[in-house]
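Read through the structure below, which is laid out as structure tokens, and then see the notes.
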Amino acid sequence: MTYTYLGGIRLPVNPLEEITFSCGTSSESFDVIAIGDVTEIGNRKQITVEIKSLFPNQQYPFMSGSNIDAEGCITIIKKIMESKKPVQFIITGDETDINMLCSINSFKYSQNFGEAGEYYYSLSLQEYREHKAKKVIIKNLAGNNNSANSSDSKKS
């Protein structure tokens, strides 16, 4: 059995049909005289993940969890987004092991007529990379005097 987790909660239904992963680079092409187009290969961009699934209002045989509080799941995802903190995205089981720290770029959900209390949703996740500014200490070097020298002033 495969299980999907977002921020420590097990999603009640695994992603429907497919999970889409996208990745690119920040490469640039330039036109060089007498050579033509050349490419400067850049760094890898963050991976994006697109999933679509269902928050059901009743128990189904295809569910991976017993949580059937659809509106509660929606509230949790909104709170994760409002926290402005990265979230762990995990899919495990059946030879699938995905474990990424992500931000939620978008969350869309809808309710079909005749399916009261059930919500279909799509999530767009983006790989989160830790980043911090480095603290730089500038030491004052001995003998380096920045004040104006009085002998350099104009004499009249």
Side-chain angles (χ1 to χ4, degrees), residues 1-140:
M1 182 72 163
T2 301
Y3 298 103
T4 306
Y5 298 88
L6 184 67
I9 62 165
R10 186 166 70 186
L11 298 178
V13 177
N14 286 318
L16 304 173
E17 298 177 22
E18 67 181 13
I19 303 171
T20 305
F21 295 89
S22 302
C23 188
T25 63
S26 57
S27 300
E28 292 186 56
S29 294
F30 302 95
D31 187 9
V32 177
I33 297 173
I35 296 177
D37 281 347
V38 296
T39 301
E40 180 70 28
I41 299 174
N43 294 323
R44 180 180 66 81
K45 291 186 176 184
Q46 295 160 306
I47 297 169
T48 57
V49 181
E50 305 284 333
I51 65 171
K52 295 179 181 178
S53 193
L54 166 71
F55 292 134
N57 71 344
Q58 60 183 329
Q59 197 70 35
Y60 291 109
F62 56 82
M63 290 179 60
S64 64
S66 60
N67 182 356
I68 57 171
D69 181 12
E71 291 181 10
C73 291
I74 291 169
T75 301
I76 289 170
I77 291 176
K78 286 180 181 179
K79 285 182 181 180
I80 291 170
M81 293 176 75
E82 290 169 3
S83 75
K84 298 182 183 179
K85 293 182 180 175
V87 62
Q88 203 73 36
F89 175 65
I90 299 170
I91 299 178
T92 187
D94 295 340
E95 299 180 27
T96 303
D97 287 314
I98 298 166
N99 188 343
M100 297 175 58
L101 194 58
C102 299
S103 61
I104 300 174
N105 281 356
S106 70
F107 173 51
K108 299 175 187 176
Y109 58 96
S110 62
Q111 189 175 41
N112 294 341
F113 289 108
E115 297 178 9
E118 293 195 333
Y119 295 88
Y120 291 88
Y121 70 91
S122 65
L123 272 171
S124 176
L125 307 171
Q126 185 169 352
E127 176 185 17
Y128 180 82
R129 295 181 189 159
E130 286 286 340
H131 60 282
K132 294 181 182 177
K134 290 184 178 181
K135 186 176 181 179
V136 177
I137 299 172
I138 301 173
K139 295 181 179 179
N140 190 4

Quick one: salt bridge (Lys or Arg N to Asp or Glu O under 4.0 Å) pairs with a partner in residues 38-47, sequence neighbours left out?
Arg44-Glu127

Going by the rule side chain to side chain contact (heavy atoms under 4.5 Å, CB included), which residues pair with [X] if we only count those two or more places apart in sequence or in a different chain?
X: Asp31; result: Asp37
X: Phe62; result: Val13, Leu54, Tyr60
X: Ile138; result: Val136

Who pairs with Phe89 by ring pair (Phe, Tyr, Trp, His ring centres under 6.0 Å), at least two apart in sequence or on another chain?
none

Excluding sequence neighbours, so at least two apart, what forms side-chain hydrogen bond (donor to acceptor under 3.5 Å, both in side chains) with [X]?
X: Ser53; answer: none
X: Gln111; answer: none
X: Tyr119; answer: Glu71
X: Lys78; answer: Tyr109

Quick one: side chain to side chain donor-acceptor pair (under 3.5 Å) pairs with a partner in residues 128-137, sequence neighbours left out?
none

Does the side chain of Gln88 pick up a donor-acceptor pair with the side chain of Asn99 at under 3.5 Å?
yes

Side chains of Ser124 and Glu50: any donor to acceptor distance under 3.5 Å?
yes

[atom1]-[atom2] distance between [X] and [Y], expressed to the nearest 0.5 angstrom:
X: Cys73; Y: Leu6; atom1: SG; atom2: CG; answer: 10.0 Å
X: Leu123; Y: Phe107; atom1: CG; atom2: CZ; answer: 6.0 Å
X: Leu16; Y: Tyr120; atom1: CG; atom2: OH; answer: 7.5 Å

Quick one: which of Asn14, Ile90, Ile9, Ile98 gives a side chain to side chain contact (heavy atoms under 4.5 Å, CB included) with Thr4?
Asn14

Per the side chain to side chain contact (heavy atoms under 4.5 Å, CB included) rule, which among Thr48, Ile104, Asn105 passes with Leu125?
Ile104

Quick one: ring-ring contact (aromatic ring centres under 6.0 Å, His included) pairs with a partner in residues 34-55, sequence neighbours left out?
Phe55-Tyr121

Donor-acceptor pairs are to be reported for all side-chain atoms of residues 18-26 against protein atoms at under 3.5 Å, with residues two or more places apart or in another chain.
residue, atom, partner, partner atom, Å
Thr25, OG1, Ser27, OG, 2.8
Ser26, OG, Asn43, N, 3.2
Ser26, OG, Asn43, O, 3.4

